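Computed from a predicted model, the values in this text were never measured in an experiment. Numbering starts at 1 and runs along the sequence shown.
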Amino acid sequence: MSEDENGVETNLPDRPEQQTPAEPPEQQPPSEPTEGQLHIAGVQVTERWSAPLPPPKLLREFNEAVPGAANIIVSEFQEQGQHRRGVELLRAKAEVFVHRIGGVAAPLIDVLFLAGGFGCVFTDRILVGVALLVAEMIMILWLRWRVTGSQTPVEIQDADDNDHEERPT
């Protein structure tokens with residue numbers, strides 16, 4: 001044991017020449033187990049499948065391990081399929097309903113804004129009428145921009161005419 005310059009004791013030798021390089025541990029070749037020793041070797045096998053159901057051979061093995069397991073697996077698969085199709089049908093019906101409501105509600109709102117704006121203008125509430133008409137125009141322009149992706153009418157017409165063909169430059 002020695003002390004460093006701060007007075008802390010260390011387990012290092014006093015002089016560097018006394019230090020011995022670390023030697024790698026000796027590795028012995030694997031040997032056959034002798035009497036009294038047990039040699040253990042293991043193998044791990046992993047099987048995967050990408051189909052919704054395991055292959056028939058594996059289903060038979062499941063059935064041998066747990067009687068009736070194959071029937072349970074197949075019936076769970078069938079029930080899950082029915083459930084998924086039911087959820088997809090409900091989702092599709094909801095989307096159709098929302099689109100129908102939007103298709104009816106949007107024009108009604110437009111008509112109400114226009115009628116209210118013109119009604120206010122003709123009943124000497126010009127500021128409110130102009131505000132309603134401007135709000136309606138902003139909604140129409142915003143929806144047009146949103147649907148067309150902010151393309152100008154010329155760009156939209158060009159895209160329709162060329163049917164997405166490249167234009168010579």
Completion exercise
Applying salt bridge (Lys or Arg N to Asp or Glu O under 4.0 Å) to R91 and not counting sequence neighbours gives none
Practice task
Could you pull out the closest heavy-atom pair between V128 and C120, with the gap in Å?
Solution key: CG1-SG, 3.8 Å
Fill in the blank from the handout: By side-chain contact (heavy atoms from CB on, under 4.5 Å), K57 pairs with (sequence neighbours left out) R60, E61
Completion exercise
For V121, the other hydrophobic cluster members (4.5 Å side-chain criterion, sorted by chain and number) are L114, F118, F122, L133
Under 3.5 Å, sequence neighbours excluded: what are the donor-acceptor pairs made by side chains of residues 76-85?
{"residue": "R85", "atom": "NH1", "partner": "G81", "partner atom": "O", "Å": "3.4"}

Show me the side-chain donor-acceptor pairs of residues 62-74 shorter than 3.5 Å, one per line, residues at least two apart or across chains.
{"residue": "N63", "atom": "OD1", "partner": "G68", "partner atom": "N", "Å": "2.9"}
{"residue": "N63", "atom": "OD1", "partner": "A69", "partner atom": "N", "Å": "3.1"}
{"residue": "N63", "atom": "OD1", "partner": "A70", "partner atom": "N", "Å": "3.4"}

Practice task
Consider only side-chain heavy atoms of I, L, V, M, F, W and Y, link residues closer than 4.5 Å, and tell whether M139 and L112 are in one cluster.
Solution key: no
Practice task
Output all residues satisfying side-chain contact (heavy atoms from CB on, under 4.5 Å) with V134, sequence neighbours left out; order by chain, then residue number.
Solution key: V130, I138
Fill in the blank from the handout: Here the pair of heavy atoms bringing V104 nearest to P107 is O-CD, 3.4 Å
Exercise for the section: Flag yes if more than 12 heavy atoms outside L127 fall under 6.0 Å of its CG atom; otherwise flag no. Expected result: no
